[in-house]
Amino acid sequence: MLRLPSLFIPHGGGPSFFMTGERKQQYQQTEDFLKDISNFLPSRPSAILIITAHWETAIPSLTGGKNPQLIYDYFGFPEHTYQLKYDALGAPQLAKQASELLKKNGINSFVDSDYGWDHGVFIPLKVMFPDETIPVVAMSLQANLDPMQHCAIGQSLQSLRDENVLIIGSGMSYHNLRRFDEFAPESLLFHNWLDSALNGTWSERSLQLANWQLAPGGRNSHPREEHLLPLMVASGAGSDLPGKAIWRGEVGRSCIGAWAFD
């Protein structure tokens, strides 16, 4: 069985994939990409470890429950979007294994048996794997938002890929909410930079990502970087082979993208 890549994917805007009208149209390109994700994988994952931009903790934390509840952490959407379900099982043993790998590499961690899955978890997975049969563990960001720390977190988890675990960073490569509907030239500049920055060895990628704020359009694309940091984890979980841009699309008139790491 070929080793699964690690991925960075856009998780969309709240529950927009499950709406109608203009809001759904805005995210249709993203939804179409996520529906097609299996074409980028050499095999069906046995389990998924997904790092979500919507959960920050003092130390990296992992969901350890067998049946995590959904967290509807979006506001002002139609009532039916608060009834969405995603009934995949949790994977307590995988959460424990991931926690032990982190600790082995000097990164303290915590398995939270009570925490659930926020929309950075269940919304994209509901599009990507709608049969709900692959066990899932969600993982938080570390609240210090340090890029190199998140690259190191990914590196600590890399061996899980040898066990047919799909590691996903779930965020948005452009996340300036005030400018999604405008033509945002900084999003194009930043994505061109990302394509170049990720086209290197593990160390080269990590060094570039550590200085993302200096990139053209960087800070304007991410007034706060929590939606970019899952990319650091996904890159960190990759090998020395260059990262690959696997998709580029638009939300409104702003550029977004996705990458894979062998």
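Heavy atoms only: backbone and side chains are in, while hydrogens, waters and symmetry mates are out. Along the sequence shown, residues carry numbers from 1.
A 4.5 Å side-chain heavy-atom check between N192 and R248 finds at least one atom pair inside the cut-off. The side-chain heavy atoms of S38 and R44, taken from C-beta on, include no pair separated by under 4.5 Å. In this structure, L94 and L62 have side chains that are not in contact, with every pair of non-hydrogen atoms separated by 4.5 Å or more. With a 4.5 Å cut-off on side-chain heavy atoms, L141 and I51 count as touching. Side chains of P147 and W212 form a contact here, defined as non-hydrogen atoms less than 4.5 Å apart. Side chains of W259 and S173 form a contact here, defined as non-hydrogen atoms less than 4.5 Å apart. Side-chain atoms of L34 and L125, non-hydrogen and from C-beta on, never get closer than 4.5 Å to each other. Inter-residue side-chain proximity for V165 and Q97 is flagged as unmet; no heavy-atom pair is nearer than 4.5 Å.
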Which is it for L102 and N108 under the side chain to side chain contact (heavy atoms under 4.5 Å, CB included) test, yes or no, and what are the steps along the way? CA-CA 7 Å; L102 290 168; N108 199 8; over 6 Å; no

Test side chain to side chain contact (heavy atoms under 4.5 Å, CB included) applied to F261 and L231, step by step: CA-CA 10 Å; F261 304 90; L231 172 60; 3.9 Å; yes

Kindly indicate, with the supporting measurements, whether the criterion ring pair (Phe, Tyr, Trp, His ring centres under 6.0 Å) is fulfilled by F40 and W247. CA-CA 10 Å; F40 298 99; W247 178 73; 9.5 Å; no

May I have the step-by-step check of side chain to side chain contact (heavy atoms under 4.5 Å, CB included) for M139 and L157, ending in yes or no? CA-CA 11 Å; M139 182 176 172; L157 301 171; 3.8 Å; yes

Give the intermediate values and the outcome of side chain to side chain contact (heavy atoms under 4.5 Å, CB included) for residues R224 and H175. CA-CA 8 Å; R224 190 174 186 273; H175 199 250; over 6 Å; no

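The number of heavy-atom neighbours closer than 6.0 Å to CD of Q69, taken from other residues, nucleotides and ligands shown, is 12 or below. More than 12 heavy-atom neighbours from other residues, nucleotides or ligands sit within 6.0 angstrom of NZ on K24.
A distance-only check finds a donor-acceptor pair linking the side chain of S140 to the backbone of S61 [under 3.5 Å]. Formation of a donor-acceptor pair under 3.5 Å by the Q155 side chain with backbone atoms of A237 is not found in this model. Side chain of R219 to backbone of H222: a donor-acceptor contact under 3.5 angstrom is found. In this structure a side-chain-to-backbone donor-acceptor pair under 3.5 Å is present from Y74 to T81. At distances below 3.5 Å, at least one donor-acceptor pair connects side-chain atoms of D146 with backbone N or O atoms of Q149. Under the 3.5 Å distance criterion, the side-chain polar atoms of S6 are left unmatched by any main-chain donor or acceptor of I167. Judged by distance alone, with hydrogens and angles left aside, the side-chain atoms of N105 form no donor-acceptor pair with the main-chain N or O of I153 at under 3.5 Å. With hydrogens and angles disregarded, a donor-acceptor distance shorter than 3.5 Å links the side chain of D73 to the backbone of H119. Remark: the backbone N or O of D195 is not paired with any side-chain donor or acceptor of N199 at under 3.5 angstrom. In this structure a side-chain-to-backbone donor-acceptor pair under 3.5 Å is present from S239 to D262.
Salt bridge E31/K35: present, at least one basic N to carboxylate O contact under 4.0 Å.
Taking the six-membered ring where tryptophan is involved, the planes of F122 and Y72 are perpendicular, since the angle between them exceeds 60° and thus also 30°.
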